[in-house]
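Encoded as structure tokens, the structure appears first; notes follow it.
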Amino acid sequence: MPVPPAREPGQGPGHHAEPAVPAREDGPPGGGGLDVSPAPPEGSGPDAEVGALAREFGLRVLAAAQWPESAEDREVPLLPGFVGSSFSPLAAESARRCLGRRAGGPVASTGVVVVSALGDLEGAVRVAEAVDGGGAVGPLAFFQAVPNAVAGHVAARWGLFGPVVCVTGAAAGVEVAALLVEDGDADEVLLIRVEQAATAGARDRAAAVLLSGGDTP
């Protein structure tokens, strides 16, 4: 497996410095985790494609968030139980911001759809380096290699009981969300999109969009 080029701190695989932002956990409904910061402008950021696709499928965007959203987003907050990669922390932080912006808080009948073209790239690189070097691979590396792991974490922390699905493309993710709502499997769907930097100079990014049927108030 090819290893991406080295990057500056905060720009993808290979960087594991302590975060500038204190670690925090996603807050469950009714707890202290609601995000009162303003959402990014509609139609901007990595969630713009998802928003456009949602309209095509007759879905409404109830809330949206992304990482980074400002110059203050230099290091994604650590996520307890997930180590050695920014993938899961990115997903959890964007989900926290998005769900915290939903008026009235999230509803239990919410599904979670994780979208990523390459999955946990940083984690895969670390495992490949360990194997190539004859080193041992810790059990957490295998646990985190499955995107469902962080999807389950988000669902558990926020008390979401809808289906959990992982796909590779934004269009597929929105289509799954539309089917879940149409079939009555979920009243709302939290779509989390995570893409880690794969080239020098690029930056890890994530977005979360909360979708519902078109007639939701």
Side-chain angles (χ1 to χ4, degrees), residues 21 23-55 57 59-70 72-73 76-79 82 86-116 147-167 170 172-174 176-178 180-181 186-196 203-214 216-217:
V21 183
R24 59 190 173 200
E25 295 185 356
D26 319 345
L34 296 186
D35 192 340
V36 296
S37 60
E42 185 176 356
S44 68
D47 60 290
E49 180 185 5
V50 173
L53 288 167
R55 289 189 290 274
F57 281 92
L59 299 174
R60 295 182 65 240
V61 175
L62 301 181
Q66 61 193 47
W67 196 97
E69 287 185 345
S70 70
E72 295 181 357
D73 288 334
V76 65
L78 291 174
L79 182 63
F82 294 83
S86 64
F87 184 90
S88 294
L90 283 165
E93 176 62 11
S94 59
R96 184 192 70 81
R97 294 179 180 187
C98 180
L99 291 173
R101 291 168 182 163
R102 186 198 184 284
V107 297
S109 55
T110 297
V112 179
V113 176
V114 174
V115 175
S116 182
N148 274 343
V150 71
H153 170 86
V154 169
R157 288 298 299 165
W158 288 87
L160 310 179
F161 296 98
V164 171
V165 184
C166 297
V167 295
V174 174
V176 167
L180 292 178
V181 172
D187 290 327
E188 299 175 7
V189 175
L190 176 67
L191 190 150
I192 306 170
R193 189 177 184 181
V194 183
E195 300 300 344
Q196 292 178 307
R203 195 174 184 193
D204 295 346
R205 294 188 177 277
V209 180
L210 186 62
L211 304 172
S212 73
T216 299

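One is the number of the first residue; the rest follow in order along the sequence. For the numbers below, each heavy atom of this structure counts, side chains included, while hydrogens, waters and symmetry mates do not.
- Across all non-hydrogen atoms, the minimal contact from Ala186 to Gly111 is CB-N, 3.7 Å.
- A pairwise comparison of heavy atoms in Ala206 and Val194 identifies CB-CG2, 4.2 Å as the closest pair.
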Does Val113 form a side chain to side chain contact (heavy atoms under 4.5 Å, CB included) with Val167? I'd like the steps, not just the answer.
CA-CA 7 Å; Val113 176; Val167 295; 4.2 Å; yes
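- Nearest approach of Asn148 to Cys166, heavy atoms of both residues: OD1-SG, 2.8 Å.
- One distance of note links CZ of Arg102 with CH2 of Trp158; it measures 11.5 Å at 0.5 Å rounding.
- Within the model, atoms OG of Ser88 and CG of Leu78 stand 12.0 Å from one another, a figure rounded to the nearest 0.5 Å.
- Using a 4.5 Å heavy-atom threshold, the side chains of Leu191 and Val174 count as touching.
- Within the 4.5 Å cutoff, side-chain heavy atoms of Leu211 are placed close to those of Val61.
- You'll find the side chain of Val114 stays beyond 4.5 Å of the side chain of Val165, heavy atoms only.
- In this structure a side-chain-to-backbone donor-acceptor pair under 3.5 Å is missing from Glu93 to Leu90.
- By the 4.5 Å heavy-atom criterion applied to side chains, Ile192 and Ser94 are counted as neighbours.
- No side-chain heavy atom of Gln66 sits less than 4.5 Å from a side-chain heavy atom of Arg97.
- The distance from atom CD of Glu195 to atom OG of Ser116, rounded to the nearest 0.5 Å, is 4.0 Å.
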Determine whether Glu69 and Arg101 satisfy the following criterion, salt bridge (Lys or Arg N to Asp or Glu O under 4.0 Å), listing intermediate values before the conclusion.
CA-CA 14 Å; Glu69 287 185 345; Arg101 291 168 182 163; 2.8 Å; yes
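- Residues passing the side chain to side chain contact (heavy atoms under 4.5 Å, CB included) test with Ala178, sequence neighbours excluded: Phe57, Leu59.
- In this structure, the side chain of Arg205 does not engage the main chain of Gln196 through any donor-acceptor pair within 3.5 Å.
- To the nearest 0.5 Å, atom CG of residue Asp73 and atom CG of residue Asp204 are 12.5 Å apart.
- Partners of Thr110 according to the side chain to side chain contact (heavy atoms under 4.5 Å, CB included) rule, which considers only residues two or more places apart in sequence or in another chain, are Val107, Leu160, Glu188, Leu190, Leu210.
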For Arg96 and Arg157, run side chain to side chain contact (heavy atoms under 4.5 Å, CB included): C-alpha distance rounded to whole Å, both residues' side-chain angles, the deciding distance at 0.1 Å, then the answer.
CA-CA 10 Å; Arg96 184 192 70 81; Arg157 288 298 299 165; over 6 Å; no
Report the C-alpha separation of Arg203 and Trp67 in whole Å, then their side-chain angles, then the decisive distance to 0.1 Å, and conclude whether the side chain to side chain contact (heavy atoms under 4.5 Å, CB included) test is met.
CA-CA 10 Å; Arg203 195 174 184 193; Trp67 196 97; 4.0 Å; yes
